[in-house]
Amino acid sequence: MLHPPPTLSALRSSTARRLLRRTPTTLIRRVSLEADNSIPDEPHESIQSIGIIGGGISGLASAWYLSKFAPDVPVTLIEKSGRLGGWIRSKKVGHERGTVRFDMGPRTLRPWSSAGLGTLDMIRQLDLQDEMVLVPKTAPAAKERYIYYPDRLNRLPSSIPTFFTSLRLPIMKGIFTSLIPEYFKPKRPATLTDESVGSFITRRFSRPLAENVVSAALHGIYAGDVDKLSMKSLFPKIWRDEEKHGSIGKGLIAREKAKPIDDVVFNDALRIPNRKFMWGLRGVVMYCFKQGMETLTKAIERDLRSSENVTIVTEAEVDKIKWDGEYFSLDSPSHFATPHKFTHLISTLPAPYTSRLLPSPVSPLSLIPLTTVLVVNLYYHSPSLLPITGFGYLLPKTVPASQNPHQALGVIFDSDVYRKFDEPGTKLTVMLGGHHWDGLSEAELREKEEKAVEMAVETLRIQVGGGFVTEEPAAVNKGLMRGCIPQYTVGHEERCIQARGELEERFGGRLAVVGSSYKGVGVSDCIRMARELAVKWAREGEGTGLEDVEKRWAVRQRVVW
Ligand SMILES: C=Cc1c2[nH]c(c1C)Cc1[nH]c(c(CCC(=O)O)c1C)Cc1[nH]c(c(C)c1CCC(=O)O)Cc1[nH]c(c(C)c1C=C)C2
């Protein structure tokens, strides 16, 4: 018997009704083909001049796509500091035997995430393929990950057999027994429109899973608090599965392949030109660049500097954005000497900073909090100081203070990620603070920054021990990354929807926001948002960047006979 036809929930258009009559296997493909995704030969006539505030990856990517999709429109990229690249920063530090390169911000990328294809497409167009370091799924950095809890490193399972052997580890206590009951638990009341990840996991599984495992994973991505971050925004598919199928277990058994429609559309636009490149990346789960992540931002910068329609202005702080109904103008204490009247403006600054620059604040933007991470890079001459290999380890919020006195969030084993392309010693990054330090005063943060290296070294001595107890680092680097990671706390989606409404109403879709504050905190998420906005502006001349914040799903179901 053929099961009932698949459904396209939430997409209630004539396209959807037509799609429902088609066979399940062609469904996702049809959605993307029928969504008009083309880039016009001429950009929309209302676009006369574009300003972009912020020279990090979001600003660079926005300028890059606009230089492609609107090549005759003048684009001005304005950056407060003297350098471009934002949090993406690779730095060389000397030691008595040579130099070592450290990455301070993001350092690796995943090719197969929903946004990853956009970054690959950019890398191919910038001709950076030979600069890539590919990490296959069999490499220790790809499969060996650890959580430190409560006083030792627990290796996370990476297969079904290792799942069973891991059951004796402290980290697995109270987890296995919560898996099967989840299937039978009632679904959430319809009135619950969002909740914290911690509350969701505790409700459906158990508190130990939320606070010992998931809290650690969220430290590694958001440096955020499991009890504050939004389930709906961080795990939309799981959130939907509970609503649609009643439980996550039932969702798994239904084997429904649901994908956000905008992911399908985005990937369809890029799949064909990158087919060969993607084929060459089979089996690769992660990649980085031989000379660090700055390879990417430097290449975009080079390309922009050779584009006739792009002007880059650095050391130009913007104080205020003004809007007279036709043009944006910018107030700046540095009075930069380029024309700065724009028909269209993009702010790539973190949401609350954008809100402050506007003629009057957009309150939903000011309510998106930011968290600060202290990054400490350490290099030791000995090549094998670590007793284990792998990507590194994360610390959940439940590690006792005696084992984690400086509130470290995690440690990355950089030398295991780069291996043959790197210096021979042991290179690590210790990340501290995040939500643990929310609410600290400027003076307290400065004190942490001053003691950063001591805190990182002591953390390694307590948690890893061995050679770290006796050997001193040969080279160090530190950076307090103030407000580097936006926090998608409960109600984030609603805040983005409200912000979109306000931006549309006040600026008619001529002012847009792009960046990590909205639809994903990763490098690829920012690149994708920049591309999507550039396509929308080129086609329609308006857009806020916050279209598609609420997920609409394309669904393909397994056919059972
Ligand atoms: C400055 C610190 C950052 C922390 N998270 C991010 C940054 C930039 C953003 C981020 N980190 C990860 C993802 C998931 C997507 C992915 O590409 O894998 C995102 C969006 C995972 C991740 N976590 C760490 C690393 C090295 C990676 C890979 C991606 C990257 O290079 O950033 C380690 C790590 N990141 C943070 C902490 C506290 C931490 C701890 C070891 C915060």
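Note that ligands are numbered from 1 as they come in the structure, with each ligand's atoms numbered from 1 the same way. Note that these values count all heavy atoms, side chains included, but never hydrogens, waters or copies made by symmetry.
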Residue portion contacting ligand 1 (non-hydrogen atoms closer than 4.0 Å) for [X]:
| X | value |
| --- | --- |
| T429 | neither |
| L109 | neither |
| W87 | neither |

Which atoms of ligand 1 sit under 4.0 Å from any heavy atom of [X]?
| X | answer |
| --- | --- |
| L394 | 40 (C), 41 (C) |
| G410 | 40 (C), 41 (C) |
| V411 | 41 (C) |
| L409 | 38 (C) |

Please check whether [X] reaches ligand 1 - meaning an N/O of the residue sits under 3.5 Å from an N/O of the ligand, judged on distance alone.
| X | answer |
| --- | --- |
| Y393 | no |
| R110 | yes |
| G105 | no |
| G522 | no |

Please state which option from [options] has its nearest heavy atom closest to [atom].
| atom | options | answer |
| --- | --- | --- |
| atom 33 (C) of ligand 1 | T108, I88, I412 | I412 |
| atom 21 (C) of ligand 1 | A141, G220, S113 | G220 |
| atom 37 (C) of ligand 1 | H219, M286, M481 | H219 |

[atom]: the protein heavy-atom neighbour that sits closest, reported with distance to 0.1 Å:
| atom | answer |
| --- | --- |
| atom 31 (O) of ligand 1 | R107 N, 2.7 Å |
| atom 32 (O) of ligand 1 | P106 CA, 3.5 Å |
| atom 13 (C) of ligand 1 | I221 CG2, 3.8 Å |
| atom 42 (C) of ligand 1 | I485 CD1, 3.7 Å |
| atom 27 (C) of ligand 1 | F391 CZ, 3.7 Å |

Could you check, using the six-membered ring where one of them is a Trp, whether F391 and Y146 have ring centers closer than 6.0 angstrom?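 Between F391 and Y146, the centre distance exceeds or equals 6.0 Å.
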Centroid-to-centroid, H406 to H436, below 6.0 Å?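 Between H436 and H406, which both carry aromatic rings, the centre distance is not below 6.0 Å.
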Write down the atom of M455, the atom of W437, and the distance for their closest heavy-atom approach.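 Looking at all heavy atoms of both residues, the shortest contact is CE-CH2, 4.1 Å.
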Does the [X] side chain pair with the main chain of [Y], one donor and one acceptor, at a distance under 3.5 Å?
| X | Y | answer |
| --- | --- | --- |
| T348 | I53 | yes |
| S382 | L385 | no |
| K298 | L84 | no |

Less than 4.0 angstrom from a charged side-chain N to a carboxylate O is my criterion; do [X] and [Y] meet it?
| X | Y | result |
| --- | --- | --- |
| R528 | D262 | yes |
| K448 | E444 | no |
| K427 | D416 | no |
| E447 | K451 | yes |

Among side-chain atoms of D438 and T371, is any donor-acceptor pair under 3.5 angstrom?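 Yes, because at least one side-chain N or O of D438 sits under 3.5 Å from a partner of the opposite role on T371.
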Using the rule given for ring-ring contact (aromatic ring centres under 6.0 Å, His included), can you reason through Y380 versus F468, listing the C-alpha separation, both sets of side-chain angles and the distance that settles it, and then say yes or no? CA-CA 9 Å; Y380 294 82; F468 291 106; 5.0 Å; yes
